[in-house]
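Here is the structure we will look at, set down as structure tokens.
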Amino acid sequence: MNDVEKRLLHFFETEMSAEEIARLRKDLQDTAVDPKYEADRILFLRLTDAESYAMPADVWQDITSHVDTLTEESSVVPVSPSRSRRNLRFALAGAAACLLLTFGVIRYYERNTVSTLYTDTCKSPEEAQQQAIAALEKFSSVMARATGKKE
């Protein structure tokens with residue numbers, strides 16, 4: 001590897017001064033390099049070619065005048081107070097609707113849930129026994145009428 005190739009690798013690895021870059025550019029234009037570094041040589045020459053990146057003066061003037069007009073004119077559109085109040089009303093109405101809907105769903109599920117626990121209808125076991133006997137007597141009388149037998 002010769003000196004030009006070492007300096008080319010040094011350029012891609014670290015920063016170089018403007019004088020070193022100018023010297024390397026002159027050497028790369030004048031000296032033949034190893035074919036494996038040919039793509040790097042072409043890339044370096046294109047990266048350091050200031051003329052290929054020069055912008056025409058009229059384009060630069062158009063850009064700066066456009067930027068100046070943008071800074072002079074306010075790009076923020078003022079919002080009228082009535083519009084902002086209307087937006088606030090819509091926001092509050094939406095929040096209220098969400099709360100009402102949430103409370104409505106909660107109340108619906110509270111009322112329509114079926115309790116899986118059995119609850120007592122009688123206050124004492126004696127009362128339960130009396131009601132069971134009454135239900136059996138009624139059942140037997142209905143069965144007796146249906147079958148036509150008397151007990």
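Since we're looking at a predicted model, the values are computed, not measured. Counting begins at 1 with the first residue of the sequence.
Between Glu127 and Lys123, the shortest heavy-atom distance links the atoms OE1-N, 3.3 Å. The shortest non-hydrogen separation linking Ala128 to Cys122 is CA-SG, 3.7 Å.
The environment of Gln129 atom CD is sparse: at most 12 non-hydrogen atoms of other residues, nucleotides or ligands sit within 6.0 angstrom.
With sequence neighbours excluded, the residues forming a side-chain contact (heavy atoms from CB on, under 4.5 Å) with Leu92 are Leu88, listed by chain and number. Looking at residues two or more places apart in sequence or on another chain, you find a side-chain contact (heavy atoms from CB on, under 4.5 Å) between Thr102 and Ile106.
Cluster partners of Leu136: none. The rule joins Ile, Leu, Val, Met, Phe, Trp and Tyr whenever side-chain heavy atoms lie under 4.5 Å apart, and it links nothing here.
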